Amino acid sequence: MSHLTHEPIDIQALLALDRYADCGGLALFVGTVRNHHQGRSVASLSYTAYVPLASKRIAEIEADACRRFGLSYCRVVHRLGQLRVGEAAIACVARAGHRVEAFDACRHVVDEVKHQAPIWKEEHYTDGSSAYVEGCCIRPDAHRDTCNGDHP
Amino acid sequence: MKLSFEFYGELIPLSAGHERLTLMVSSAPATVADALLLLAEHLPALQSGLDRCAVVDDTDILLRSDPVPESGHLVLLPPVAGG
């Protein structure tokens, strides 16, 4: 399964329940499209990505999480294209021996993907206007911390 | 020399909807920073956003002091907001 897809995310396929008998913990996070942002009514979102680097960064984040948290399995899939309210935008599965590592890893991985993978979110509002959500600068030689507060 | 730029995210509306721009330059810019100066001269609307952009050659993020790749192609990535 690709890290980036224009098709609805197949959550069941991500779980890998038929493997990893050593794992007693499975954490699943699914981020869905919300109908509001900063007081504005959101009708839909459009996600775009620079796919070569986004795929590479997500794979690196997964591998790092496996080492850091001792996971047997970690998988992230991010949706691209136009999504309606309620649709899944990102899914992350972490499998570990115990629940604590799985929960911690899942949260860490989603944060890293949101802040490092070159993916952009354009909000389409119910009044017909649209705007890109302000995000995190990934320029390595930036002069300051340019990660903004509205993309937690 | 042909110098080409590829835009993503909020850079696209700033460049009037264009996802790519090619400039023909008489002398090659020495560094990524020099290439961005040429871009800003050509598209002043982009100037405000360039400082927060990562500049990429394929999957390698470049520093401003790095030389422009031989391909002359630079991908500009504004602040990211997935999830």
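Small disclaimer: the values here were computed from a predicted structure and weren't measured. Proteins come first, then strands; the chains are lettered A, B, ... in the order of their sequence lines, and each starts at number 1.
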Using heavy-atom distances under 4.5 Å, tell me whether B:Pro13 contacts chain A through its side chain, its backbone, both, or neither. side chain
At a 4.5 Å cut-off on heavy atoms, which part of B:Val55 comes close to chain A: side chain, backbone, both, or neither? neither
Is there a continuous path of hydrophobic side-chain contacts, each under 4.5 Å between heavy atoms, that joins [X] to [Y]?
X	Y	value
A:Ile9	A:Tyr73	yes
A:Leu4	A:Leu83	yes
A:Val77	A:Leu26	yes
A:Ile119	A:Val42	yes
A:Val51	B:Leu76	no

Region of [X] that comes under 4.5 Å of a non-hydrogen atom in chain B:
X	value
A:Ala49	backbone
A:Leu53	both
A:Tyr50	both

Look at the side chain of [X] and the backbone N and O of [Y], then say whether any donor-acceptor pair between them is shorter than 3.5 Å.
X	Y	result
B:Arg64	A:Asp141	no
A:Trp120	B:Leu77	no
A:His78	B:Gly82	no

Stepwise side-chain contact (heavy atoms from CB on, under 4.5 Å) test for A:Arg139 and B:Leu63: CA-CA 8 Å; A:Arg139 177 184 165 188; B:Leu63 300 177; over 6 Å; no
Mind checking what makes side chain to side chain contact (heavy atoms under 4.5 Å, CB included) contact with B:Leu46, not counting sequence neighbours? B:Phe7, B:Leu11, B:Leu14, B:Ser15, B:Leu39, B:Leu43, B:Leu50
For the atom pair CD1 (B:Ile12) and CD (A:Glu122), what is the distance rounded to the nearest 0.5 Å? 9.0 Å
Approximate separation, where rounding is to 0.5 Å, of A:Ile138 CD1 and B:Arg52 CZ: 11.5 Å
Option that, when pairs with chain B are counted at under 4.5 Å, heavy atom only, ranks first among A:Pro118, A:Ala54, A:Cys92: A:Pro118
Within a reach of under 6.0 Å around CZ of A:Arg107, are more than 12 heavy atoms found that belong to other residues, nucleotides or ligands? no
Could you check whether atom CD of A:Glu60 has more than 12 heavy atoms from other residues, nucleotides or ligands sitting under 6.0 Å from it? yes
Heavy-atom closest contact (B:Val80 atom, A:Lys114 atom, distance): CG2-O, 3.8 Å
Ignoring hydrogens, what is the shortest heavy-atom contact between A:Gly135 and B:Ala81? Give both atom names and the distance. CA-CB, 4.0 Å
Can A:Lys56 and B:Asp60 be said to form a side-chain contact (heavy atoms from CB on, under 4.5 Å), step by step? CA-CA 10 Å; A:Lys56 180 182 174 189; B:Asp60 296 323; 4.1 Å; yes
